[in-house]
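Here's the structure we're looking at; comments come further down.
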Amino acid sequence: MKLDTLDVAVFIAYVTGLLALALWISRENKVGGKDTKDYFLAGKALPWWAIGASLIASNISAEQIIGMSGSGYAIGLAIASYEWMAAITLIIVGKYMLPIFLKNNIYTMPQYLEQRYDARVKTILALFWLGVYVFVNLTAVLWLGGLAIETVAGVDWMYGMIFLALFSVGYSLYGGLKAVAYTDILQVVLLVFGGLLLSYLALEAVGDGAGVLAGFGILTQEASGHFDMILSPENEHYMSLPGISVLIGGLWVMNFSYWGFNQYIIQRALAAKNVQEAQKGIAFAAYLKLLMPLIVVLPGIAAVILYPKLSVADQAYPSMMSLMPVGIKGLVFAALVAAIVSSLASMSNSISTIFTMDIYAKLKPGKSQSHYVRTGRITTLVALVIALVVAEPLLGQFDQAFQYIQEFTGFFTPGIVVIFMMGMFWSRANSAGAITAAIGSAALSIAFKVFWPDLPFMDRVGIVFLMCLALCVIVSLATESSRDESGAGTVDVNAGGSAGIAGISLDTERSFNVAAAGVVLILVALYATWW
C-alpha cells in the first residue's frame, strides 16, 4: 500500500506542526535554563488531563497498536484481557501505590528502592531497567514502527526506523517530559478517532456495505473462534493466554509491574502537581484503556476475514489502514507515527532519567543542574543509536513482537513486583530479601523454561511470583531487619484517607472510589458478554 499525494501532504503538515508545538512548549521560562525537575519531571506541574493522556499515548505505541492488533489477528479477543485488566490495575495503583511514591518525592523508581531498602537494590534494578528499556522496549517500538512505515508508505523499514529516531530527537531532546506530555493530548485524540474510524470501516467492509451491525454479525460467525475470551487447552494459542489463569494468575503480576513500577509509565504521575491531580489522571487513563480493544484488537480480528493470507500477523493493522479515505489515511498514519515517536521519547527520557539520577549523579556528585540535563540528553542519543543497531537482529525473527516482549520481561517481572509490594506493605522486608527475590526471579524463570517448557509463560510468572514472595519473607526473617522498619516508604492500609497518606481530601477519595466502581462494572459487563 502506498500513500496518495494528499496523504503525504497531510502527514508532512502534521509532523511539522507537532514539532513546532513541541518546540513552543519547550521554550525556556527562567534564567539559567532547565533544571533536572523541569527536564525529567516537567517541573512537577502536570494537570490530570495531561497525565491521563500521556499515560495512554506512551502505552499506545507500535507494540501496542501493531503488536496487539497482530495478536488479535492470530489469537482473537482474548488478548484484550491485557487491556481490560489494566484498567483495574490502574485504579489500584492510583489508590494504594501512587501516594507512596509522591510522598517520597522521587524522580525514579530505583530511588524509591534506595529509600526503602539500600543502594544495592537501587543499583541492581536501575541497571536491569536500563537494559530492558534499551534492548527490549526501545528496540521493539523502533522495529514495529519501521514495519508500519514500510507497510503503509512503502518506505524501507530501516529508513523508517531512522526517521522515527530522528523525529524522536527533534520532538523531545530539548523539552524533556513536558514537551512529550502536552503534545500527547493531541495524539491521543487523533489515535482514538482514527482507531474508532478504522473499526467502523473494517466492519463496513466485512459486511460488504450492509452496515456495521451486519458486518459485526458476519465477523462473529466466520471468525467465531477469535471471540473466545477464555482459551481452552486445545487452542493453539493456549501457551500465550492460558485460560482462566489469565484472570486470576500471572497477568496481575505483569500488569502491576507495567502500570505500577514501570519508570516510563509512572513518571507522568510523578510529575503531577499533587496527589489529587495524579489520581484523577490515573482514573482518566483507566477509562481510556476500556476503549483500547475496540481500537486495536477489533481491526486485527477483521483482518482475518479481509486479509486472510498475511505472512506476518503484525502486518494486520498497517494493512487495514488501506480502508481509510484519502487524506484521513495520511492524518491517521501521522498520528500513528507520532504515537510511536511519543513512546520512543517517553522511553528514552526515562532511560536518561534513570541513568542520570541513579547512576551518573552518584558517580559524579556535585555537578550543576545544567550538566545533569546535558548528560540526560546525551544518554537519550546513545540509547536510540544502540536500539537502531540491535533492533533487526533481536526482533526480525519474531512473528508477534508483543508476545516476545511479554515473554522476555516475564523472566524478571515476578521479582520486581515482590520487591515493591513487600517494600510498601510489609515493613519487615529488607534488602537481603529483596535481592534474593530479584535473583530468584531470573533463576527460577529460566529453570522453569528449560525443565518445564510446556508451562504457559503466564502460569510461570504466577508460580515464580509466589516462590519469590516466599523467598523474600524467609530471607528477610532470617537476616537483620531493614533500616526502614519504622514504616517510612510503606503504606498503612488500616489508616484513613487514601492508603493512609495524609493530605488527600475525603471528596477526592470518594470521587476516586466512584471512578473505580464504574471501571469494575463496565469490565464485568464486558466479560459477561464474551465469556
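Computed from heavy atoms alone, side chains included, the values below leave out hydrogens, waters and symmetry copies. Just so you know, residue 1 is the first one in the sequence shown, and it goes up from there.
The two residues Leu138 and Ser348 make their nearest non-hydrogen contact at CD1-N, 4.3 Å. Residues Ile230 and Ile244 approach most closely at CG2-N, 3.6 Å, considering heavy atoms. The two residues Ala202 and Met320 have their closest heavy-atom pair at CB-CE, 3.3 Å. Residues Val461 and Gly250 come closest through the heavy atom pair CG1-O, 3.8 Å. Summarising the geometry of Lys122 relative to Gln111, their closest heavy-atom pair is CG-N, 4.2 Å, with the distance given to 0.1 Å. The minimum heavy-atom distance between Pro99 and Val275, with the atom names listed, is CG-CG1, 4.3 Å.
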Would you sort out whether Gln267 and Thr353 count as a side chain to side chain donor-acceptor pair (under 3.5 Å), showing the intermediate values? CA-CA 10 Å; Gln267 190 166 339; Thr353 305; 3.3 Å; yes

Give the C-alpha distance, both sets of side-chain angles, the deciding distance and a yes or no for side-chain contact (heavy atoms from CB on, under 4.5 Å) between Trp129 and Phe355. CA-CA 10 Å; Trp129 270 311; Phe355 178 81; over 6 Å; no

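With Tyr117 contributing its side chain and Ile419 its backbone, the two residues share a donor-acceptor pair below 3.5 Å. Looking only at distances, a side-chain donor or acceptor of Ser69 sits under 3.5 Å from a matching main-chain atom of Val296. Between the Ser441 side chain and the Phe411 main chain, a donor and an acceptor come within less than 3.5 Å of each other. Remark: side-chain polar atoms of Arg460 are not paired, donor with acceptor, to backbone N or O of Trp452 under 3.5 angstrom. Judged by distance alone, with hydrogens and angles left aside, the side-chain atoms of His226 form a donor-acceptor pair with the main-chain N or O of Tyr73 at under 3.5 Å. Judged by distance alone, the side chain of Gln279 and the main-chain N or O of Asn274 form no donor-acceptor pair under 3.5 Å. With hydrogens and angles disregarded, a donor-acceptor distance shorter than 3.5 Å links the side chain of Tyr133 to the backbone of Gln263. The main-chain N or O of Val253 is never found under 3.5 Å from a side-chain atom of Ser257 such that the two would form a donor-acceptor pair. Ser445 places no side-chain N or O within donor-acceptor distance of the main-chain N or O of Ala442, the cut-off being under 3.5 Å.
Ring planes of Phe101 and Tyr112: perpendicular class, angle over 60° (limits at 30 and 60°).
For the side chain to side chain donor-acceptor pair (under 3.5 Å) test, residues two or more places apart in sequence or in another chain that qualify with Thr183 are Tyr171. Taking Phe465 as the reference, nothing meets the ring pair (Phe, Tyr, Trp, His ring centres under 6.0 Å) condition, with sequence neighbours excluded. Val132 meets the side chain to side chain contact (heavy atoms under 4.5 Å, CB included) test with Phe128, Val136, Asn137, Phe408, Thr409; sequence neighbours excluded. Residues satisfying the ring pair (Phe, Tyr, Trp, His ring centres under 6.0 Å) criterion with Phe448, sequence neighbours excluded, are absent altogether.
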For residues 46-56, tabulate all N or O donor-acceptor pairs below 3.5 Å that involve a side-chain atom, not counting sequence neighbours.
{"residue": "Ser54", "atom": "OG", "partner": "Asp184", "partner atom": "OD2", "Å": "2.7"}
{"residue": "Ser54", "atom": "OG", "partner": "Arg268", "partner atom": "NE", "Å": "3.0"}

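Evaluation of the side-chain hydrogen bond (donor to acceptor under 3.5 Å, both in side chains) test over residues 296-305, restricted to residues two or more places apart or in two chains, returns none.
When each of Ile92, Ile88, Asn59 is checked for a side chain to side chain contact (heavy atoms under 4.5 Å, CB included) with Trp259, only Asn59 meets the rule.
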